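Working notes for the structure below.
Note that this is a predicted model, so its numbers are computed, not measured. Atoms within each ligand, like the ligands themselves, are counted from 1 in listed order. For the single chain, residues carry numbers from 1 onward in sequence order.
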Amino acid sequence: MYKLITPIALAASSVLANPILTHNPSMVPGIDNTGAFCAVVLDISGYESIDNQGSPNNQIAEFFVGPFQDIFAIEWDVNLTTIGGSWAEEAAISFGGGDVVLTPGFRDSFPVTNANYSSDGIVNLQDQGLPNILVGSDGYLRLEFFETFDDAEGETDAIWLDGSTITVYTPLWPTPGTTSALAFAGLIASRRRR
Ligand SMILES: [Ca+2]
Ligand SMILES: [Ca+2]
């Protein structure tokens, strides 16, 4: 739980050609009983999971979160529909350089329609043995939507539906307070074999 202070609206206005897409995130400073942090809500609704990681066919979202930010925790609440024979566990999202990969439908080895996956709270990356997500000097966090198993090259395997959000947490100062890990699911850096 945290108490909202003054909301700050950020206006990230860069517009790039497909498949590079941009969003205008909202940034909300917050504070809990252990320290202060920023919660940045990333709306990924409508993004498509197309081919394997690194494919030029993939969609990449850029969210402005501030230069040199150090993301230490994330939270997700997403809705996924797969297409054809693709499985829920194949739809993945990488953060920054790709060191951290989120697969919300982890272990759901079957197609889904409008399936909801939630972290049920804040997940601290270090608690999961993962590195913090570092943002570069331009201040943009890049998310690549990709498939750990590509069913059909160049074709969409899954779609993140309306109401899909990922919240990233950054410190307001260099030593963030400890946040509790309320869930352990879906955060992996892995590939699947069929
Ligand atoms: Ca595909
Ligand atoms: Ca697939």
Looking at E90, the N, O or S atom sitting nearest the Ca ion (ligand 2) is OE1

With sequence neighbours excluded, residues passing side chain to side chain donor-acceptor pair (under 3.5 Å) with T156
E48

Within-4.5 Å side-chain heavy-atom neighbours: F95 and L143
yes

Listed partners of D51 passing side chain to side chain donor-acceptor pair (under 3.5 Å), at least two apart:
N57

Set of residues satisfying salt bridge (Lys or Arg N to Asp or Glu O under 4.0 Å) with respect to D138, sequence neighbours excluded:
R142

Donor-acceptor pair, distance only, cut-off 3.5 Å: does the side chain of D157 make one with the backbone of D151?
yes

Test side chain to side chain contact (heavy atoms under 4.5 Å, CB included) applied to I83 and S86, step by step
CA-CA 6 Å; I83 296 171; S86 194; 5.7 Å; no

To the nearest 0.5 Å, what is the distance between CG (N79) and OG (S164)?
4.5 Å

Ignoring waters, how many N, O or S atoms from the protein are under 3.0 Å from the Ca ion (ligand 1)?
6

Within less than 3.0 Å of the Ca ion (ligand 2), any N, O or S from F149?
yes

